[in-house]
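To start, the structure itself, in structure tokens.
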2 protein chains.
Amino acid sequence: MMNQIKRLRDHGVLVTPQRIAIAEYILKTKAHPHADAVWVHVRRRHPTISRATVYNTLNLFVEKGLVKAQPITGGAVIFDPNVRRHHHFIDEKSGIIYDLPWEAVKVTAERGLSGFEVREYQVVLRGRRRRR
Amino acid sequence: MMNQIKRLRDHGVLVTPQRIAIAEYILKTKAHPHADAVWVHVRRRHPTISRATVYNTLNLFVEKGLVKAQPITGGAVIFDPNVRRHHHFIDEKSGIIYDLPWEAVKVTAERGLSGFEVREYQVVLRGRRRRR
DNA sequence: TCTAACCTTAGATATATTCTAAATGCATGA
DNA sequence: TCATGCATTTAGAATATATCTAAGGTTAGA
């Protein structure tokens with residue numbers, strides 16, 4: 001508990017009971033939960049916490065580098081008519097998604113993948129498109 | 001237009017005017033639109049088309065291999081307390097997301113990336129977790 | 001042409017997230 | 001310690017994305 005408080009302070013986060021409760025869960029879990037799942041979990045011991053607080057807090061934690069938001073499953077999807085294997089580059093300023101040819105990067109399995117039967121994979125790159 | 005009709009039939013899709021209109025747009029665009037954006041676009045020339053038809057049709061096109069759904073931007077996100085560089089493996093049966101160590105795969109730029117300033121990247125793998 | 005199977009529609013529902021405005025809480029300076 | 005000002009929390013509404021429902025319409029093949 002004290003560790004979490006120090007950790008929040010070290011990241012420039014003003015400490016409140018709600019934020020401690022959220023940190024206790026999200027900084028330790030391996031479950032990769034959605035924000036609403038965090039809300040459901042935290043309410044077990046903190047029944048009056050509001051949805052907005054959980055969303056605000058998680059976004060704050062992302063901003064402060066305590067957690068990372070990953071848009072890799074769930075609801076929102078985009079549709080791509082390119083059904084051949086390819087990778088994606090996302091321009092962080094504009095949000096524009098570029099298809100990269102499969103040959104643009106080479107991916108090699110190194111170690112620790114024996115427990116996983118890989119059916120497909122892609123590299124998702126983020127950064128800035130250079131003006132030409 | 002005839003090309004699209006043939007293409008739909010070849011993929012086992014029953015052809016309707018609505019599906020042609022959606023195919024005309026989604027099979028050619030490079031914009032990586034969300035389903036609702038497709039709806040807005042298609043309504044310009046097909047004002048009575050319903051949202052459900054667009055969503056149903058896009059899901060059908062995915063099932064038939066005409067397009068691919070990519071959950072790489074937008075609304076729904078999961079939160080990961082692992083803020084070091086790492087990759088992700090998604091078990092397609094259970095939906096469980098596993099963190100893979102950065103060293104599990106090696107990624108090498110090959111060609112065609114000169115226009116892109118890459119700030120970060122990750123490999124997203126999908127398949128089945130083997131039981132041990 | 002007939003018909004069984006399939007498709008489309010409007011609107012409701014579900015899910016994930018953000019916004020709003022009012023109330024409350026926290027940290028700092030006197 | 002206490003007042004002050006700014007940040008945080010709250011409930012509920014709003015927005016965005018996706019799916020479901022049930023009634024009616026369309027398609028392809030016999």
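Letters A, B, ... mirror the listed sequences (proteins, then strands); counts begin at 1. The structure displayed is predicted, hence computed values, not measured ones.
Pairs of residues two or more places apart, or lying in two chains, that qualify as salt bridge (charged side-chain N to carboxylate O under 4.0 Å, His left out) and include a residue from residues 54-83 of chain A are A:Lys68-B:Glu120.
Mapped onto DNA chain D by nearest heavy atom, B:Ala52 and B:Pro17 fall at different nucleotides, with B:Ala52 at the one closer to the 5' end. In terms of position on DNA chain C, the residue among B:Gln18 and B:Val77 whose nearest nucleotide sits closer to the 5' end is B:Gln18. Comparing B:Ala35 and B:Leu14 along DNA chain D, the residue whose closest nucleotide (by nearest heavy atom) sits nearer the 5' end is B:Ala35. Of the two residues contacting DNA chain C, namely B:Val13 and B:Ala76, the nearest-nucleotide position lying further toward the 5' end is that of B:Val13.
Using a 4.0 Å cut-off between charged nitrogen and carboxylate oxygen, A:Arg119 and B:Glu92 count as a salt-bridge pair.
A donor-acceptor pair shorter than 3.5 Å can be found between the side chains of B:Gln122 and B:His88.
Think of the region where chain A sits on DNA chain C: with heavy atoms and a 4.0 Å cut, that region ends 5' and 3' at C:dA16 to C:dA27. The span of DNA chain D lying next to chain A, judged by atoms under 4.0 Å from heavy atoms, is bounded 5' to 3' by D:dA7 to D:dA18.
The number of heavy atoms from other shown groups lying within 6.0 Å of CZ (B:Arg43) is above 12.
Annotation: cation-pi pair B:Arg128/A:Phe116 absent, no NZ/CZ under 6.0 Å from the ring centroid and within 45° of its normal.
Nucleic acid contact for A:Arg51: base, since at least one base atom lies under 4.0 Å from a heavy atom of the residue. At the heavy-atom level, A:Thr53 lies under 4.0 Å from base atoms of the strands shown.
Taking the six-membered ring for Trp and thresholds of 30 and 60 degrees, B:Tyr25 and B:His41 have nearly parallel ring planes, at less than 30 degrees apart.
The six-membered or imidazole ring of B:Tyr121 lies near that of B:Trp102, with a centre-to-centre distance under 6.0 Å.
Under a hydrophobic-cluster definition in which Ile, Leu, Val, Met, Phe, Trp and Tyr are linked whenever side-chain heavy atoms come within less than 4.5 Å, directly or via other members, A:Val42 and A:Ile20 are assigned to the same cluster.
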